There are 2 protein chains.
Amino acid sequence: MKSRNEKKLETRRRLIQVALQLSAEVGFSNLSLREVSVAAGITPAAFYRHFRDMEDLGLALLDEVGLSLRQFLRDARRRLPTGKGRVEISVQAFLEYVNSNSNLFRLLVGERQGGSSAFRKALFAEIDQFVSELKEDLEKAASADNKPLTNAAYAAEAVIAVVFTVGAEALEIPKHKQEFLATRLVEEVKMILRGARKRD
Amino acid sequence: MKSRNEKKLETRRRLIQVALQLSAEVGFSNLSLREVSVAAGITPAAFYRHFRDMEDLGLALLDEVGLSLRQFLRDARRRLPTGKGRVEISVQAFLEYVNSNSNLFRLLVGERQGGSSAFRKALFAEIDQFVSELKEDLEKAASADNKPLTNAAYAAEAVIAVVFTVGAEALEIPKHKQEFLATRLVEEVKMILRGARKRD
DNA sequence: TGTACATCAGTGAACGCGCGTTCACTGATGTAC
DNA sequence: TGTACATCAGTGAACGCGCGTTCACTGATGTAC
């Protein structure tokens, strides 16, 4: 038999999952408390046993996104070879991530404007963490290749900007039409990295 | 005396202006027909004399944004000197534009996700035009400087990605705290252009 | 193990509210003669 | 210029709807003895 606490956590999980699914269609900020509650199989009144309001649920969703992104980064870093072709492999992995976690990624790029200020702040914090992890990766790779960068932080920001822009476009088109996005993204990232290298 | 037609156009203008102002605060997709109508000084029922629904108004807003952006580009191009410092001047001009037309810019970056598919399509078309105009500028500048680019289209896309990303951040912070954004944006754009140049 | 009481996730009804949309209407502007 | 009629931007009331939130409640789970 499941304990009362376990059941409560299950319902909480269901609320989060359902909110993620629904927000992919209309955007999280257009989601209603009633809609989410009913889709999760509880009455609207019971929603308040789990979250104070929709903003509170939104912050929980962002935690979820952060967790998933960090996991993706960890996996990607582990699988990545040293030497040639790293950009291609990373871009490929990223686009796969976007396609299979489109709900999470949509939240990340789609709600930069909508939502409360607490929500936006948490969202930018997630993106910042993404940027700073990339910065460290770039620095490591640069010193391994003996091709130092003038400013790894700027390079990381620029790369994230184009990666997220392309990711947002990928959401709009079916997966089998995305090859050109991959090649475009690879070229643009390489362009940035080339421009970021110290001239000798 | 104003003709009936002129008065109608004035009301239409007022609806558009008011929608632009209100959408800066909550985002266009969270705006209600009643809210906009009353703020423009007409009853909700009279709204239908001007637009079929809110989506229709949204498309009119995008026209407005497109017009204003093209004007900005034309002015910027005219004022721009040849030779050194062009990136700095362009970035400065762009950030001024973002600050004084924040409502328009917010619409452009904030509704990439919200809104109907017709709305999103029109929005991406506006951005695409921005990209292709920049591409031509880059090509001209490159041939004038005799520093040919490997792929001006990719360079333009990457530049727009970082420019819009920084522009979106600028919306979040007061103008007097934006100096670091300007230097950051200048460096990132130069980085991309450097990486885009043909190696000889 | 059994009993008595406490906890609390979830229920279902109710509330007031702003929403989009419709409708018959008003009265100023425009047009034809 | 004056008159009779047409047009049509805007009015105001009404509608049904989904919303967030509250409330007293139920009944299964948990706890103390």
Side-chain angles (χ1 to χ4, degrees), chain A residues 1-62 111 114-120, chain B residues 1-62 111 114-120:
Chain A
M1 210 55 219
K2 277 167 190 162
S3 77
R4 188 154 61 181
N5 227 305
E6 284 171 312
K7 282 197 170 183
K8 185 176 184 184
L9 282 174
E10 273 178 23
T11 305
R12 189 190 147 92
R13 288 256 50 156
R14 243 182 306 127
L15 281 167
I16 290 176
Q17 288 307 320
V18 150
L20 225 32
Q21 281 169 37
L22 294 176
S23 75
E25 292 159 30
V26 290
F28 177 75
S29 53
N30 297 322
L31 234 53
S32 79
L33 184 152
R34 289 182 99 100
E35 200 179 354
V36 173
S37 306
V38 170
I42 60 174
T43 57
F47 178 94
Y48 296 98
R49 300 280 178 210
H50 304 276
F51 300 101
R52 195 148 23 85
D53 50 26
M54 283 298 284
E55 176 183 338
D56 200 16
L57 208 203
L59 295 175
L61 251 58
L62 281 181
E111 308 292 334
S116 70
S117 103
F119 183 89
R120 279 205 306 275
Chain B
M1 210 57 220
K2 277 167 191 162
S3 78
R4 189 154 61 182
N5 227 305
E6 284 171 312
K7 282 196 170 184
K8 185 176 184 184
L9 282 174
E10 275 178 22
T11 305
R12 189 190 148 93
R13 288 258 50 164
R14 242 182 306 128
L15 281 167
I16 290 176
Q17 288 305 323
V18 151
L20 225 32
Q21 282 169 36
L22 294 177
S23 74
E25 292 158 30
V26 290
F28 177 75
S29 53
N30 298 321
L31 233 52
S32 79
L33 183 152
R34 290 181 99 100
E35 199 179 355
V36 173
S37 305
V38 170
I42 60 173
T43 57
F47 177 95
Y48 296 98
R49 300 281 177 208
H50 303 275
F51 300 102
R52 196 148 23 86
D53 50 26
M54 283 298 285
E55 177 184 337
D56 200 16
L57 209 202
L59 294 175
L61 252 59
L62 282 181
E111 308 292 335
S116 69
S117 103
F119 183 89
R120 279 205 307 275

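Since this is a predicted model, take the numbers as computed values, not measurements. In what follows, every chain begins at residue 1, and chains take the letters A, B, ... in the order their sequences are listed.
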Problem set entry | Side chain to side chain, A:D53 and A:L33, heavy atoms closer than 4.5 Å | no

Exercise. When you match B:Y48 and B:N5 each to their closest nucleotide on DNA chain C, which lands nearer the 5' end?
Worked result: B:Y48

Problem set entry | Residue pairs involving residues 12-28 of chain A (criterion salt bridge (Lys or Arg N to Asp or Glu O under 4.0 Å); sequence neighbours excluded) | A:R13-A:E64

For this session: Mind calculating the distance between CZ (B:F51) and C1' (C:dT21) to the nearest angstrom?
Result: 18 Å

Exercise. Hey, can you pull the residues of residues 19-35 of chain A with a non-hydrogen atom under 4.0 angstrom from DNA chain D?
Worked result: A:S32, A:L33, A:R34

Problem set entry | Side chains of A:T11 and A:K8 in contact at under 4.5 Å (non-hydrogen atoms) | no

For this session: Encode nucleotides 4-11 of chain C as B, S and - characters from 5' to 3', where the letter depends on protein heavy atoms closer than 4.0 Å: B to the base, S only to sugar-phosphate, - to neither.
Result: ---BBBBB

Please set out all donor-acceptor pairs under 3.5 angstrom arising from side-chain atoms of residues 38-52 of chain A, sequence neighbours excluded.
none

For this session: Any chance you could measure A:L62, atom CG, to A:L57, atom CG, to the nearest 0.5 Å?
Result: 10.5 Å

For this session: Check salt bridge (Lys or Arg N to Asp or Glu O under 4.0 Å) between A:E10 and all other residues, then give those that pass, not counting sequence neighbours.
Result: A:K2

Seminar exercise, completed: Between A:N30 and B:N30, the two heavy atoms sitting closest are OD1-OD1, 3.2 Å

For this session: Find the distance between CD (A:E55) and CG (A:L61) and round it off to the nearest 0.5 Å.
Result: 12.5 Å

Exercise. Once you round it to whole Å, what is the distance between P of D:dC19 and CG of A:D53?
Worked result: 16 Å

Seminar exercise, completed: For A:A19 and A:L31, the nearest pair of non-hydrogen atoms, with its separation, is O-CD2, 3.6 Å

Problem set entry | Secondary structure of DNA chain D in dot-bracket form (Watson-Crick or G-U wobble, distances below 3.5 Å, | marking inter-strand pairs) | .||||||||||||||||||||||||||||||||

Exercise. Is the backbone of B:F28 close enough, under 3.5 Å, to the side chain of B:E111 for a donor and an acceptor to pair up by distance?
Worked result: yes

Seminar exercise, completed: Here the distance between atom P of D:dT21 and atom CG of A:L57, to the nearest Å, is 12 Å

